[in-house]
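Note sheet for the following structure.
Position 1 is the first residue of the sequence, and the numbers go up from there. One-based numbering, in listed order, for ligands and for the atoms of each.
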Amino acid sequence: MEYVDLRSDTVTKPTPEMREAMAKAEVGDDVYMDDPTINALQEKAADMLGKEDSLFVPSGTMGNLLALLVHCQRGDEAIMGDKSHIYLNEAGGSAALGGIHPHPLKNQTDGTLLLDEIRAAIQTEDVHHTITRLICLENTQNVCGGVPLSADYMRAVGQLARENQLALHVDGARIFNAAAALKVSVKDLVAPADSVMFCLSKGLVAPVGSMLVGTKKFINRARHLRKMLGGGMRQAGILAAAGLISLDQMTTRLEQDHIRAQKLFDGLKEARGLILNEPPMLTNMVYFDLTDDVKLSLQQIVDEMKKRGVLVDWAGPRKFRLVTHYWVDDAGVEKALQAMKEVISL
Ligand SMILES: *Cc1c(COP(=O)(O)O)cnc(C)c1O
């Protein structure tokens, strides 16, 4: 059976063109910085985001961890959202490995942190306090519905950071989705950030890898720490070859995923038994909660959907998240809608 896989955009397998580019990639030892394909990818990523340099890393989690380790010393504090991936879903790496103290602030329903709450969270000089070094934003904000944070908001937080001698790191796992939805260039969107991580392995369809972007000095330090963490890969140009296709071709087609997510949203909104999460702007995710009218358990829904050729995954006690991506076409959206309407009325 050919499944429509809506569990995540991480399930995207490489395209035939990617596989061909991977097979033919020129490679070298990247720890010697000798891999021409990785060097090309790093140059292109830095250029597209308007920063001096970038680093290919095995995962988004490692990219974020490196950023926190470079910006903060042990005992320093990083301000971040209480629904952020760094706070919730990276195994507490920055605390465990960097001794970095997270200061979570409430993510608003539009994904933002309130500027006043950020201001109030910045520690004063006092022997009792930690030293605040860093603000982390997530764009798009996944748990709040894949909602993009606007360029104006990013600028406001950037200014607040500079006024207080703090760095701003953006977990931009899906920053190209944000830029596409907001219809701004990714360069403008991340201009206020000192560092940005984005994933090649999600909506951009590459099999593996993320990019960390920032100043030359920042990236040099991150490269050192990447080696320390065991992320110094050798002939990884085979992976970077797919990443180059991501940057060339996949960054410009994300609107299609957003249109399909909107179709899913509109279709599910008609269905009884579901309460749709309505973020101010949709990207490639649709979150919804089940009402008490739905009698099936989460696992039963997953199983029944699978029988109908659609893979879904839950995101909370009565909550589902559906994600559109390159391998979900219009027919897939229709199939998923049909199946979901059937299953929730079982
Ligand atoms: C997926 C994700 C990451 C981490 O990426 P991995 O490659 O899975 O480690 C970081 N932040 C957000 C918002 C993500 O969705």
Do Arg174 and Asp9 meet the salt-bridge criterion of a basic N to acidic O distance under 4.0 Å?
yes
Taking every heavy atom of Val27 against every heavy atom of Ile238, the minimum-distance pair comes out as CG1-N, 3.7 Å
Counting from 1 in the order shown, the ligand 1 atoms closer than 4.0 Å to a non-hydrogen atom of Asn142 are 15 (O)
For Met197, the ligand 1 atoms with a heavy-atom partner under 4.0 Å come out as 10 (C)
Atoms of ligand 1 under 4.0 Å from any heavy atom of Asn64, numbered from 1 in the order shown, are 10 (C)
The atoms of ligand 1 lying under 4.0 Å from a heavy atom of Gly60, numbered in the order shown, are 4 (C), 5 (O), 6 (P), 7 (O), 9 (O)
Note: ligand 1 atoms sitting under 4.0 Å from heavy atoms of Cys199 are 5 (O)
Atom 11 (N) of ligand 1: closest protein heavy atom, distance to 0.1 Å, is Asp171 OD2, 2.6 Å
Using a strict 4.0 Å threshold on nitrogen-to-oxygen distance, state whether Arg272 and Asp293 make a salt bridge.
no
For Thr61, the atoms of ligand 1 under 4.0 Å from one of its heavy atoms are 4 (C), 5 (O), 6 (P), 9 (O)
Check your understanding: Distance only, no hydrogens: is a donor on one side chain within 3.5 Å (strictly under) of an acceptor on the other, for Asn142 and Tyr287?
Key -> yes
### Query
If you measure from the Lys or Arg side-chain nitrogens to the Asp or Glu carboxylate oxygens, is any gap between Lys44 and Asp248 under 4.0 Å?
yes
From the list Val196, Leu137, Leu160, side chain to side chain contact (heavy atoms under 4.5 Å, CB included) partner of Leu168 resolves to Leu137
Fill in: Salt-bridge contact Asp76-Arg133 (side-chain N to carboxylate O under 4.0 Å)
yes
- Is there any N or O on Glu138 that sits under 3.5 Å from an N or O of ligand 1? no
Does a side chain donor of either His129 or Thr124 reach within less than 3.5 Å of an acceptor in the other side chain?
-> yes
Check: Hey, is Arg174 one of the residues with a heavy atom under 4.0 angstrom from ligand 1?
Finding: yes
At under 4.0 Å between heavy atoms, what of Ser84 touches ligand 1? The answer is neither
protein heavy-atom neighbour closest to atom 10 (C) of ligand 1 works out as His85 ND1, 3.2 Å
Worksheet item: Between Lys202 and ligand 1, is there a nitrogen or oxygen pair with a distance under 3.5 Å?
Response: yes
Those residues at least two apart in sequence (or on a different chain) that pass ring-ring contact (aromatic ring centres under 6.0 Å, His included) with Phe288 are Phe320
Numbered in order shown, the ligand 1 atoms found under 4.0 Å of a heavy atom of Ser59 are 7 (O), 9 (O)
